[in-house]
Each structure stands twice: as structure tokens, then as C-alpha cells.
Protein chains: 2
Amino acid sequence: MSANARDTILAAAARLIAREGARRLTLDAVAAEARLSKGGLLYHFASKDDLIRGLVETLVAQFDAEVETNSVPGTPGAWTRAYLDATVKAPVPGTDAHATREASGHGPALGSTGIAAAVANNPSLLEPVREAYRRWQRNLESDGIDPVTATIVRLACDGLWYTDLIGLDPLPGPLNHAVISRLRAAATCAHRTETATTLPADENQPR
Amino acid sequence: MSANARDTILAAAARLIAREGARRLTLDAVAAEARLSKGGLLYHFASKDDLIRGLVETLVAQFDAEVETNSVPGTPGAWTRAYLDATVKAPVPGTDAHATREASGHGPALGSTGIAAAVANNPSLLEPVREAYRRWQRNLESDGIDPVTATIVRLACDGLWYTDLIGLDPLPGPLNHAVISRLRAAATCAHRTETATTLPADENQPR
DNA sequence: GTGACTGTACCAACCAGACGGTACACCACT
DNA sequence: AGTGGTGTACCGTCTGGTTGGTACAGTCAC
């Protein structure tokens, strides 16, 4: 068992949701997946809602931390680009990024699972997400670049999350790469002083 | 009771999900909302999955119809712009567009409710959505404009759906309008012949 | 036209299983 | 002996789905 039983349980819950859907997130199933009895599980999370709250809050906290890590303040659009990078790097269960995080001891890799669980069980548990988005939107709009461009980058990132959440086919690799490059370029050059800005595309710009 | 009992039931289910969340989508609750007994409900939809399948398929069909209506083929990017318009016009339960559709006899207004129900209950019911997205992505990539731009428009649209699905604050009206105008402009001017395209912004372009 | 029969629409009552949650015993370690 | 952590057993409720009907409109042979 890992140093932190809570993380073990959250990771088990995330795996379960990723594999079998939010419907199958039952206390019994989570306990089994985490190799724990239901009693043991309920010692760490007082209720099912509490467990989902843990998933959601961990997700938000991890995303915030990722943005923080990627952000190099100073240049306009830095926060927006960090937001983009954090989205792209988000560890979707079943991918390399997932396994990497899982193995590196930086907490469980959750992907969209917490969102799915909250939507399925109790939408009011999404309140931390709503609150985080208010904060993120504020940061995007005051990032030194055109707020419309920053918001489009955000929406496109949300689109990537949406794709993960409902299990759509991921974009083909080259297209995905080109899209990210384009968004990144847009968040670099969209000066807020202009009313009408252009979003230059530079598909092969290295990171 | 409306001419079509199935539509009545689907609308009731959508209202229920919008009001109380996908968790509350029980056969008893849907029956009560539709003023019907559970037996009567199960006469029209053989199972709960069948009901959710109805929600999902109706959603996809309505969206397709909306795109079809908005699309004026001929100019490059026409399909992409129609996709954008269909997203923006999608009747979210509880809004004007919702009530309008509901009253106009064009079938129930579903918003994201079918997606939420499928995510919550049985992700495999999302297969029609996945299939639709494959089709939509093909259309976007062969719309006579730069595929990267078209895909970004799609992702931003998905972001708007995501916002609806998890109940985030909608964008402030002016920003929302500016974002849509910008996306629309991008889907108008991004010629596919160029490797690197620009996305001119024209925030006050009338529709 | 009338009685036998059929198909559609709906309903009330019930059931078996799943699920969240509780109670409490147990055990290792300090 | 006490505390953190875990396991077992159980309970009440919820819920999807089944069963066995009712009501009634249509239709078709006679």
C-alpha cells in the first residue's frame, strides 16, 4: 500500500471509472479495486460524495499545479500558454502520461473521471470546478493578450477535455500537434492593444 | 398529450436531468414527470438504456438537422460555420431557445442531457455520438478551408457544449459574442492553400 | 349491425438485487 | 490501554424490470 491511502483509493476509483463508467463507481467496487474492504474505504472517505469530492478537488489542484509549473510569467499570454500545456499534459487514464504520473508518486492520475463521477452522481459536487473556472477565466482575460483569443484557447482546451470525458476518438497525431501549435502561437502573438488581432499559424514551431 | 408520446417522454426526461441531474433519471421519476405510469413508460421505451438511447439519437439527429439547415454550401468553410451556428443555437433546457423549440413542435429540446445521462449510466450508449463525431470531423477537414482552423472551431464548439454539460458559468454576453464572431471569421478566411493562415478578427461583423 | 378477435396504449402491484451506509469486532503498534 | 486502520455482517431503501391485467378503437366474417 502506498504511503498515502487516500491517493491509492482515488487512483483506484479513477481506474474504475475509466474502465467501466461512472455508473460502476460503487463503494464495493472501489474497495475491491483498491484491495480494501468497504469499511476501510469509508474510514478514509466518509461517504461516496466525499470520495467524489476528493476526485474533483484533486483534479483541480493537480491542474492548478501543472499550470503553475508551466507558467513563466513575464511575457504576454504566458498564463494562457501554461493553461494549454497543462491541458495537453493532463494524464488521461490509459495513456503514457497517465502511467508516468501514476508511477512517479505525484499523486493519482485522474483525467476526467472526477467530472464524470460528479455529473453522474451529484452535480453540486462540481462547484469546486465552477469556482476554479471563474478563477481561470479571470486569469485568461488579464493575461496581457487579447481576451477573445485567450478565451478561444480555453474553449478549445475544454473541447479536448470534453473529448476525453465522453470518449471521442482523439485527433490524429499530426492534426493534434498542429492544432496545439496554432493555439500556442495564437496565445503568443495576440496583442491586446489591437482591436482586431491575427492568429498566425506556425505549425512546426518547437516547444 | 402530444401527438407523439415518445417526444413527450424524451422532453420530460431532459427536463428532469436539467433540473435534478442525471442521477435522478429513474424510470419512476421520468414516468411522473411525463404524467404516465412506469408501465406506460416502459411500453414506449423497453428499458432505461433504450430511453437514454432515444435521448442521444434525438440529440444527434437534431444537431445534424440544424447544421443542414444552416449550411449554404458553395463557399469554403460553409459547413464549419454551420457547425458553429448549430452549436450556438443548441437549445439548452431553461433558455429561450429551449422554450422556443419546445413550443414550436420541432421535437423536444435536449441540450446536453442525453450526453449526461449516457456518461452517468452507460458510456457505450455514446457510440452514436462517437460515430457522428467521426462524420463531423471528416466534413470539417474537407470543407475547403484549413483543417487546423476548422478543427479549432470544432474544439471551441465542444468547449461550449462542455460548459453546458457541467454547468459552468456561461461566458459574459459581449465576450461570448466576440468569440463567436472571431470563430466565424476564422472559418471564413482560412484558405487551405496556405500552409500558415491567419485568423482575422472582426468582432462586430454582423451575421 | 353485431359479436369475435386483434393491436395499441396504459396501469398497479410486485420482486429481486444492488447500493449506501452503520455497527461493531479485531488487530498491530505504540 | 489506547489509537489508527481494517474487516465482517447487516439493514433499509431505491430502482430496474416483470407480470398480469384494463380500456378501447378498429376490423372482419356473418
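Note on naming: letters A, B, ... go to the chains in the order of the sequence lines (proteins, then strands), and numbering restarts at 1 for each one. Because the structure is a prediction, the values reported are computed rather than measured.
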Legend entry - Phosphate contact (C:dT8 OP1 or OP2) by B:His44 side-chain N/O below 4.0 Å: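 Checking C:dT8 against B:His44, no side-chain N or O comes under 4.0 Å of OP1 or OP2.
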Inset, instruction - Using only side-chain N and O atoms of A:Tyr43, determine if any of them is under 4.0 Å from OP1 or OP2 of D:dT6. - result: no
Inset, instruction - For B:Leu25, answer base if it contacts any base atom (sugar-phosphate contacts may also be present), sugar-phosphate if it contacts only those atoms, and nothing otherwise; contact means non-hydrogen atoms under 4.0 Å. - result: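 The answer is sugar-phosphate, as B:Leu25 gets under 4.0 Å only of primed atoms, P, OP1 or OP2.
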Inset, instruction - Name the nucleic acid region contacted by A:Leu42, choosing base, sugar-phosphate or nothing; use a 4.0 angstrom heavy-atom cut-off, strictly under. - result: base
Inset, instruction - Please figure out whether A:Ser37 or A:Arg23 has its closest DNA chain D nucleotide nearer the 5' end. - result: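 Its nucleotide being nearer the 5' end, the pick is A:Ser37.
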Roughly, in whole Å, what's the span from [atom1] in [X] to [atom2] in [N]?
{"X": "A:Leu41", "N": "C:dT22", "atom1": "CG", "atom2": "P", "answer": "13 Å"}
{"X": "A:Lys48", "N": "C:dT22", "atom1": "NZ", "atom2": "P", "answer": "15 Å"}
{"X": "A:Asn121", "N": "D:dT15", "atom1": "CG", "atom2": "P", "answer": "12 Å"}
{"X": "B:Leu36", "N": "C:dC10", "atom1": "CG", "atom2": "P", "answer": "6 Å"}
{"X": "A:Asp28", "N": "C:dG21", "atom1": "CG", "atom2": "C1'", "answer": "11 Å"}
{"X": "B:Phe45", "N": "C:dT8", "atom1": "CZ", "atom2": "P", "answer": "17 Å"}
{"X": "B:Arg6", "N": "C:dA9", "atom1": "CZ", "atom2": "C1'", "answer": "14 Å"}
{"X": "B:Arg24", "N": "D:dT13", "atom1": "CZ", "atom2": "P", "answer": "16 Å"}

Legend entry - Criterion side-chain contact (heavy atoms from CB on, under 4.5 Å) against B:Val88, the qualifying member of B:Ile180, B:Asn70, B:Asn176: B:Ile180
Legend entry - A:Thr80, A:Thr87, A:Asp85 screened by side-chain contact (heavy atoms from CB on, under 4.5 Å) with A:Cys157, the one that passes: A:Thr87
Inset, instruction - Side chain of B:Leu27 only, please: which of D:dG17, C:dC10, C:dC19 is the nearest? - result: D:dG17
Legend entry - Minimum-distance nucleotide to A:Ser47 side chain [options: D:dT6, D:dG16, C:dG21]: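 Nearest to the side chain of A:Ser47 among the choices is C:dG21.
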[Y]/[X] salt bridge by N-O under 4.0 Å criterion:
{"X": "B:Arg138", "Y": "B:Asp143", "answer": "no"}
{"X": "B:Asp169", "Y": "A:Arg134", "answer": "yes"}
{"X": "A:Glu131", "Y": "A:Arg135", "answer": "yes"}

Inset, instruction - Would you kindly check whether a donor in the side chain of B:Lys38 faces an acceptor in the base of D:dG16, or vice versa, at under 3.5 angstrom? - result: yes
